[in-house]
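Below, each value reflects all heavy atoms present in this structure, side chains not excepted, and no hydrogens, waters or symmetry copies. Naming: A, B, ... by sequence-line order, numbering from 1 per chain. Quick caveat: nothing in here was measured; it's all calculated off a predicted structure.
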Protein chains: 2
Amino acid sequence: MKLLRNNLLEAFCAVVECGGFSEAQFRLGISQSAISCRIRDLELALGYRVCERGRSGFQLTERGKIAYEKACEIIRLVEDFDAELLELRGTITGQLRIGIVDTVISLPGFPLVPALQRFFSKENDVNLELVVASPNDLKEGLITGSLHIAIAPFKRKRDELEYIKVCSENHYMYCGKAHELFACDTDEISPDILNNHAVCQRSYDMIVARDAKAPEPKAIVTNMEAAAALILSGKFLGVLPDHYATQWVKTGEMRLLEHPDLTWTSEFYIASRKSQAHRQAVEWFIKALLHGL
Amino acid sequence: MKLLRNNLLEAFCAVVECGGFSEAQFRLGISQSAISCRIRDLELALGYRVCERGRSGFQLTERGKIAYEKACEIIRLVEDFDAELLELRGTITGQLRIGIVDTVISLPGFPLVPALQRFFSKENDVNLELVVASPNDLKEGLITGSLHIAIAPFKRKRDELEYIKVCSENHYMYCGKAHELFACDTDEISPDILNNHAVCQRSYDMIVARDAKAPEPKAIVTNMEAAAALILSGKFLGVLPDHYATQWVKTGEMRLLEHPDLTWTSEFYIASRKSQAHRQAVEWFIKALLHGL
DNA sequence: TAATTACATTGATATATTTCATGTAAACAT
DNA sequence: ATGTTTACATGAAATATATCAATGTAATTA
């Protein structure tokens, strides 16, 4: 019983992700009938149907969903295994899966871009996958192995992960040109404004909730660009990293609401798994990240 | 680059464990030339030689050793993966790797034998592997995944493992018929005898070292039978579980050196990994183990 | 009712793997 | 030395496996 033979699982995953056999042809580079055979063989080996398909639409069965999750996992493990053994050859190879949060390219001291330059200026066979997600999803990814390295503001540290501080980011409160506070006097700005105005926050930050009477945020965003859009609308106050907001402050579309109690700092860390025979590609990339510090 | 294609790794591992191609034929059930091809393909894919072979003997290269370790690991992972997906079918299947310490069959309350009866009286497709090793090796096995369940006297508990107490074992000091203490008076028996006589111990027990002036053990054994042999020789005192020693006490070949300070108890636990989607086979076996308690 | 879509099936073809027979080189026995 | 044995390598033929192209089928849609 070998489910990993003949790329049965790769076919299965491709079919799931493409939502059907016909579309998966192009991804897999084989004919539709070959895919049909592979799924048939897989189901034959498993003894149950993994998906319903046909003109009536594509859908995973209950067992199929579980099988798909596990298949993705073992495929990643096997990829990493291949890479580990190939790296014994001397050349570094394989997938390198890196995760970051959004809106960091302009963050001063964020080491990704120079690290990429460094890393890929040496000849290698590494395939990069760069994922943008929330710190929490990134943490999950590191733990499950779907990510090798993540760079983000991690607040709670996990035992099984290793953290290296790389830089920090300052956040301030901003409002848009159309907002009533845009033209107010400086001495009107106090933490009190949070109670009188709608505020938008990044779901994972919630850094506004500093004092007890912090208001329910009126809008939750998962992404800086979304926050900027809400702020620019003039209907929301919002917290942005200064390096990001500065472009609109310059053009007069936003105003910094300056007050000592309305500033926050996040510490950015490189995180990766402890206690695991790290692959060379991973180690080298971390080295590349740290090189400029 | 797929190292898992065509059972290349299975061939490699078999060859390593059989110490050569010719012997591995029988294990793998394919011809020697087929093995030769597989190893050639593996080395071609890897880009380096994994073993030296020929009339001059079989030997892994340095990289080959690493590759072998990792190959064993991924094969186990894939086996478990197969089993997990197959179990979605309803039937429980796959490898079930169980570890115990030696000399436990006669331990009253040790749940293995009734559990085996229970478990295998229901029809299933499980392949059992029963390993005898030290508690420390068993712990390692659980953590690395080479074992699913272990039953042993675990003293230190590991966070990533789950323990269920099942029974306990009493240990006493014994000497052989030829030993000078064999015929001594009962009131001559005290912890002091440890300082005046050679003592043998199981390497992982070391339960004799209770007081500060515990002596260097003269002999270390890794196995109860070995301890019994040393004790029967009359040259060593030694600690044995009562259920094991009783056979020789009955025949007059050993004497129990009874003293309140020369008794020890080990608690036996069923251990398995926490926080891991346990396979049905594993869960069911644990249930079978607990059934009689 | 015909056309379309999405997949299944089939037989031909291509590819991969194994075996059988044989070759080679090192170790061993004589 | 010489021949023999052992352990693996190699090549051609045989076998098994996977893929493709073509076609069939069933559920939608026009």
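At a threshold of 4.0 angstrom between heavy atoms, the contacts of B:Ala34 include nucleobase atoms, whether or not backbone atoms are also involved.
At a non-hydrogen distance threshold of 4.0 Å, A:Ser22, A:Gln32, A:Ser33 from residues 22-33 of chain A come into contact with DNA chain C. The stretch residues 7-21 of chain B has no heavy atom under 4.0 Å from DNA chain C, so no residue of it qualifies as close.
A salt bridge is defined here as a Lys NZ or Arg NE, NH1 or NH2 lying under 4.0 Å from an Asp or Glu carboxylate O, and B:Asp102 with B:Arg202 meets this definition. Taking a cutoff of 4.0 Å between a charged side-chain nitrogen and a carboxylate oxygen, A:Glu10 and B:Lys2 qualify as a salt bridge.
With 3.5 Å as the limit, one finds a donor-acceptor pair spanning the side chains of B:Thr91 and B:Arg89.
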List the atom pairs, with distances to 0.1 Å, where a side-chain N or O of residues 131-142 of chain A and a protein N or O form a donor-acceptor pair under 3.5 Å, not counting sequence neighbours.
{"from": "A:Ser134", "atom 1": "OG", "to": "A:Asp137", "atom 2": "N", "distance (Å)": "3.2"}
{"from": "A:Asn136", "atom 1": "OD1", "to": "A:Lys139", "atom 2": "NZ", "distance (Å)": "3.3"}

Which donor-acceptor pairs under 3.5 Å do the side chains of residues 29-41 of chain B make with protein atoms, sequence neighbours left out?
{"from": "B:Ser31", "atom 1": "OG", "to": "B:Ser33", "atom 2": "OG", "distance (Å)": "3.2"}
{"from": "B:Ser31", "atom 1": "OG", "to": "B:Ala34", "atom 2": "N", "distance (Å)": "3.3"}

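Rounded to a whole Å, the CZ atom of A:Phe58 is 13 Å from the P atom of C:dA6. Rounding to whole angstrom units, CD of residue A:Glu52 and C1' of D:dA26 are separated by 14 Å. One can place CD1 of A:Ile39 at 14 Å from C1' of C:dA6, the figure rounded to the nearest angstrom. A:Gln59 places its CD atom 17 Å from the P atom of D:dA27, with the value rounded to the nearest Å. Residue B:Arg5 contributes atom CZ, which lies 8 Å from atom P of C:dA16 at whole-angstrom precision. Between A:Leu44 atom CG and D:dT17 atom C1' the separation is 15 Å, expressed in whole Å. The interatomic distance linking A:Ile35 (CD1) with D:dA21 (C1') rounds to 15 Å, in whole Å.
Sorted by first then second residue, the ring pair (Phe, Tyr, Trp, His ring centres under 6.0 Å) pairs that include residues 37-65 of chain B, not counting sequence neighbours, number zero.
Dashed line: the shortest gap from a side-chain N or O of B:Asn6 to OP1 or OP2 of C:dT18 is under 4.0 Å. Within the 4.0 Å cut-off from OP1 or OP2 of D:dA9, at least one side-chain nitrogen or oxygen of B:Arg53 is found. For the pair A:Arg38 and D:dT19, the criterion of a side-chain N or O lying under 4.0 Å from OP1 or OP2 is met.
Distance alone, capped at 3.5 Å, is enough to place a donor-acceptor pair between the A:Arg279 side chain and the A:Gln95 backbone. A donor-acceptor pair under 3.5 Å links the side-chain atoms of A:Gln25 to the main chain of A:Ser22, judged by distance alone. Without hydrogens or angle criteria, A:Thr93 side chain to A:Asp125 main chain gives no donor-acceptor distance under 3.5 Å. Remark: side-chain polar atoms of A:Asn6 are not paired, donor with acceptor, to backbone N or O of A:Leu8 under 3.5 angstrom. Counting only distance, with no hydrogens or angles, the side chain of A:Glu43 and the backbone of A:Val50 share a donor-acceptor pair below 3.5 Å.
The A:Ser56 side chain lies nearest to D:dA27 when the options are D:dT19, C:dT18, D:dA27. Closest to the side chain of A:Cys37, out of D:dT19, C:dT17, D:dT10, is D:dT19.
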Legend entry - Step-by-step side chain to side chain contact (heavy atoms under 4.5 Å, CB included) determination, A:Gln59 to A:Arg53: CA-CA 6 Å; A:Gln59 196 170 8; A:Arg53 61 266 191 186; over 6 Å; no

List every contact pair, protein side and nucleotides 2-6 of chain D side both N or O, where the distance is under 3.5 Å.
{"from": "D:dT6", "atom 1": "O4'", "to": "B:Arg55", "atom 2": "NE", "distance (Å)": "3.3"}
{"from": "D:dT6", "atom 1": "O2", "to": "B:Arg55", "atom 2": "NE", "distance (Å)": "3.3"}

